[in-house]
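Read the structure below first, then the notes.
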Amino acid sequence: MSTNGLRVAPMAETNSVVWLRRFLALDAAVTGVNGLAYLLASGPVGQLLGIDGTLLLGVGVFLTLYGAGVGCLAGRSRPAVPAVQAVIATNALWVVLSVVALAVRLGDLHVAGAVWIPMQAVAVGGFALLQYLALRQVRAGASR
């Protein structure tokens with residue numbers, strides 16, 4: 001097995017790796033749908049949230065590609081630890097950037113935007129936490 005892959009005992013694989021892959025897949029699905037919404041409807045969504053549609057278009061491209069990448073990772077039987085760590089770090093960065101966006105009042109946020117940004121940050125932070133905990137379990141099982 002590759003040194004970049006997860007080394008797990010068979011019983012640990014049926015539990016920890018499966019949960020890690022599920023959390024990655026859920027992240028990919030939610031991120032991909034969100035990215036497509038921003039990509040295909042950046043103008044109307046931007047008006048609803050009070051965020052520039054051009055900014056949302058760029059975010060939509062990023063999220064769509066990122067969601068596809070996370071989905072590919074979730075589809076692997078043994079996701080590579082460095083790749084999972086990169087997903088966790090990217091999700092954590094998204095949370096930080098969301099807080100910064102709120103602090104500097106990104107655009108002329110409407111009530112929907114002021115509610116959506118923190119809700120999205122909480123969801124992404126939740127994905128990061130679940131992925132971190134699952135990865136920790138996988139690595140603990142691998143060291144046994």
Grouping I, L, V, M, F, W and Y whenever their side-chain heavy atoms are under 4.5 Å apart, do [X] and [Y] come out in a common cluster?
{"X": "F62", "Y": "L57", "value": "no"}
{"X": "L129", "Y": "L20", "value": "yes"}
{"X": "I51", "Y": "L39", "value": "no"}
{"X": "V124", "Y": "L97", "value": "no"}

Contacts of type side-chain contact (heavy atoms from CB on, under 4.5 Å), residue [X], not counting sequence neighbours:
{"X": "A123", "value": "none"}
{"X": "R76", "value": "L73"}
{"X": "V115", "value": "V111, M119"}
{"X": "V33", "value": "none"}

Nearest-0.5 Å distance that lies between atom [atom1] in [X] and atom [atom2] in [Y]:
{"X": "W116", "Y": "L49", "atom1": "CH2", "atom2": "CG", "result": "8.0 Å"}
{"X": "L63", "Y": "T31", "atom1": "CG", "atom2": "OG1", "result": "6.5 Å"}
{"X": "S42", "Y": "Q47", "atom1": "OG", "atom2": "CD", "result": "10.0 Å"}
{"X": "L133", "Y": "Q131", "atom1": "CG", "atom2": "CD", "result": "10.0 Å"}
{"X": "C72", "Y": "L24", "atom1": "SG", "atom2": "CG", "result": "11.5 Å"}

With sequence neighbours excluded, tell me which residues meet ring pair (Phe, Tyr, Trp, His ring centres under 6.0 Å) with F23.
W19
Is there a side chain to side chain contact (heavy atoms under 4.5 Å, CB included) between V70 and T90 once you walk through the steps?
CA-CA 11 Å; V70 174; T90 302; over 6 Å; no
If you compare all heavy atoms of [X] against all heavy atoms of [Y], which two are closest, and at what distance to 0.1 Å?
{"X": "A92", "Y": "A128", "answer": "N-CB, 4.4 Å"}
{"X": "P79", "Y": "R21", "answer": "CG-CG, 3.9 Å"}
{"X": "A28", "Y": "G71", "answer": "CB-N, 3.3 Å"}
{"X": "A25", "Y": "A74", "answer": "N-CB, 3.5 Å"}
{"X": "Q137", "Y": "S16", "answer": "CB-OG, 3.5 Å"}

List the residues meeting side chain to side chain donor-acceptor pair (under 3.5 Å) with Y66, not counting sequence neighbours, and say none if there are none.
N91
Suppose clustering is done on Ile, Leu, Val, Met, Phe, Trp and Tyr with side-chain heavy atoms closer than 4.5 Å. Which residues sit in the same group as [X]?
{"X": "V122", "result": "none"}
{"X": "F127", "result": "L26, V30"}
{"X": "V99", "result": "none"}

Checking side chain to side chain contact (heavy atoms under 4.5 Å, CB included) for the pair W94/Q120: CA distance, chi angles, key distance, verdict?
CA-CA 9 Å; W94 182 271; Q120 190 177 34; 3.9 Å; yes
